[in-house]
Amino acid sequence: MKFSEKLRRARSHLLIVAIMIVTSVIVVNLEDEALTNEVGSHPAHAALPGQ
Amino acid sequence: MPDYYFTKFEDRLPPAPLEHSRPVEIAWQVMALCSLIAGAIYIHWRWTASLNPDALWFAIPLAMAETCAYLGLILFTANLWQVRDYPREPAPANIADCVLDEEHLDRPISVDVFIATYNEDEEIVRLSIRDAMAITYPHPIDIRVHVLDDGSRPLMQAVAQEEGANYITREGNAGFKAGNLRNAMEQTSADFLVICDADTRPFPSILENTLGYFRDPDVAIVQTPQWFYDLPEGERLRDVWGRKAGALGRGLGGAIEAVAGEIRIGEDPFANDPAMFYDVIQRRRNGANAAFCCGAGSVHRREAVMFVALRAYADAIANASKEKRSSLDRLLRRRGDGGDVLARWQAAQEQELTPYKFHVSEDIYSTIVLHRDTDRNWKTVLHPQVESKMLSPQDLLSWTIQRFKYAGGSLDIFFHDNPVLKPGLSLGQRVMYLATFWSYFAALWNVVFLVAPVIYLFTAIPPIAAYTGDFFGHALPFLVLNELAFMLGTWGLSGFKGKVTYLSSFPISLGALWAVARGKKISFPVTPKLRQDGNFIRLVWPQVAVIIVTVVAIAWAAGALALGIAGYSLGGLIVNGLWGLNNILAMSVMVRAAFWKPPEEREADLKGAVPA
């Protein structure tokens, strides 16, 4: 079996991983923004690379 | 040959076994270990730092469900850990090559091919007989094909005789397939047995490729993968969209396929493809000598089958004689063990020495008895190459009957004769059997996973303290590593349908659990071999209910958030909304299966709907 065919069969795993990572980044940013608005300072635990 | 729906698939060839790649296996093992460590950290954090103290009624059941699922993950990881195929040997020329005491044996091997039938179409059985008669072997061999007809049908007898097969029948059909096999065992005497269902069509190579394993005199059973050669292929996305929306649809479908690879709509609608089970789960049990017999497509050593019968007979006498002894003691008003001999003799008169236990999961039951024997060290082998072809359930009713039998039978063994806790099995075998049983309990926690997002979406009560970086910092590494690990662990196969079917078949497992818990006997009706007509929506009402409730819950939460109702957050809505969508997607696979029709039937319906 070709590598491309194996990759095709693995696409659901890769898609789920991508969705989970993107969702996590979005939700953490949203929740931190909400918290920042509430308490007036950026929560320390939410520091993600690039923020 | 009549024009059956599967006639056009006659020339299909089975897939080759998955290639074993050591680098991929090492990558899987590393990733699986990392996933389990990340999972342990996550579960620890869930219990110690994440529970919502204001909603423990919700938080604790969900944390318990996650913990049970994690234990299942450990078992499944152990199952999939490595491929250790049993070494293949050349086909033996003489029975002396296959037995311990070879001194007095110098003759060709003899094999009985059993084709068990009850009410299946005689012409389908004819195809199986023809293929069985075409089995070849590189040495002189005595092969006899027997049609075991529990339906006592004159037409079946005529077909068997026309094809040159022996016809065996009996009065009634006590014990169903197990009873049918038992009856045939009593009338035959070959060294090895090939077990076939009515629709099992062995390849000519089945004996040449499997009898070599029996050179090891401890090998009792060789199971070959079951291959459904009639699985619907489905239609390419670009063709389906092209039919519905013309050039635009075809172009869009083609573009998506160019990025994601070929997408087939309606392919294997019931997730019947057993490759994951045989080529991954069963095959990787070889290392622990824990692959179990699944009936059709298996080759048995008669001596081992009779061993199982003797062991069951001895156990039955031992149990019965205990009862007899206490009755005798009470009758004679005495104490002590003077009644042993009498009680045993009496019990032996009442018990029956017979092969094949009357049980819905008789195949796995027999394997457990063999594995538990510490004197002989019987072995079972999963031969990775497909050696026969058969028909898949073509409608949801047949599929449900089959899955219910699997679930009910396995759970019945777990509750009444649990091998995991009894002496005799090695640690590896215990882990493998526990993995099988545990998977049927998963319906209990899968229900929690289906309900949890709905509770949040309707009430704004989160099961965790907050959807913050802390939550994702613990959950995300585990979930991502787990996904990637199983991608590598099942490299070469698509696990998506199996995964969603596992989640969406929860009513079947719950039904089986409920039946076994109430002490109800799981019956063993024959799984229909041809498509059953009818409306199967009644079989999927729980899945439909989950879809409706989840859709309403998402709409409710979105509305509440838009209106600024306290408690809801966009983050919570996204997380639980996506969780709910995942559940809807899983349930929809089963619901679609209820409405599935073969393309020919769909076309006929359409034609019928057009007024003349």
Side-chain angles (χ1 to χ4, degrees), chain A, chain B residues 15-19 21 24 31 257 259-264 273 275-276 462 466-500 561 568-579 581-582 585:
Chain A
M1 193 189 294
K2 284 183 187 168
F3 177 80
S4 57
E5 176 58 17
K6 288 177 180 171
L7 197 61
R8 186 185 77 82
R9 292 178 182 209
R11 68 187 168 196
S12 69
H13 295 284
L14 296 170
L15 190 65
I16 289 169
V17 165
I19 291 172
M20 284 193 297
I21 292 173
V22 170
T23 307
S24 304
V25 172
I26 292 171
V27 172
V28 168
N29 277 297
L30 282 170
E31 292 290 315
D32 285 351
E33 209 172 292
L35 205 58
T36 308
N37 290 339
E38 251 178 61
V39 299
S41 66
H42 195 76
H45 66 262
L48 289 173
Q51 281 194 314
Chain B
L18 282 181
E19 302 155 35
S21 157
V24 172
M31 201 65 95
E257 287 194 89
V259 175
E262 189 180 294
I263 297 171
R264 287 194 165 269
D273 187 358
M276 184 67 79
Y467 291 108
T468 58
D470 208 16
F471 168 70
F472 288 104
H474 285 89
L476 193 63
F478 170 45
L479 296 174
V480 167
L481 284 167
N482 183 45
E483 243 356 278
L484 295 177
F486 281 94
M487 180 183 80
L488 292 169
T490 60
W491 188 241
L493 286 180
S494 173
F496 176 71
K497 276 211 171 140
K499 204 161 60 175
V500 296
L561 185 69
Y568 285 99
S569 71
L570 185 55
L573 175 62
I574 291 173
V575 170
N576 287 283
L578 282 176
W579 188 355
L581 282 177
N582 174 69
L585 184 68

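Within every chain, numbering begins at 1; the chains are lettered A, B, ... in the order of the sequence lines, protein sequences first and strands thereafter.
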Nearest-0.5 Å distance, CD1 of residue A:Ile19 to CG of residue B:Leu479: 13.0 Å
Among B:Leu488, B:Thr490, B:Leu484, which residue meets the side chain to side chain contact (heavy atoms under 4.5 Å, CB included) test with A:His13? B:Thr490
Relative to chain B, which segment of A:Ile21 carries a heavy atom at a distance below 4.5 Å: side chain, backbone, both, or neither? both
Starting from the C-alpha separation in whole Å, work towards a yes-or-no answer on side chain to side chain contact (heavy atoms under 4.5 Å, CB included) for A:Ile16 and B:Lys499. CA-CA 12 Å; A:Ile16 289 169; B:Lys499 204 161 60 175; 3.6 Å; yes
Applying salt bridge (charged side-chain N to carboxylate O under 4.0 Å, His left out), can you list everything that pairs with B:Lys497, at least two apart in sequence or on another chain? none
Of all residues at least two apart in sequence or in a different chain, which pass the salt bridge (charged side-chain N to carboxylate O under 4.0 Å, His left out) check with B:Arg264? B:Glu262
Taking all non-hydrogen atoms of both residues, which atom of [X] and which atom of [Y] are closest, and how far apart?
X: B:Ser569; Y: A:Glu31; answer: OG-OE2, 3.0 Å
X: A:Met20; Y: B:Leu476; answer: O-CD1, 3.7 Å
X: B:Met487; Y: A:Ala10; answer: CG-CB, 3.4 Å

Considering only heavy atoms, which portion of B:Leu578 lies under 4.5 Å from any heavy atom of chain A: side chain, backbone, both, or neither? side chain
Contact origin within B:Phe496 toward chain A - heavy atom pairs under 4.5 Å: both
I'd like to know which of B:Asn482, B:Asn582, B:Leu573, B:Ile263 tops the heavy-atom pair count under 4.5 Å against chain A. B:Ile263
Pair count under 4.5 Å, heavy atoms only, with chain B: among A:Glu5, A:Arg11, A:Met1, highest is A:Arg11
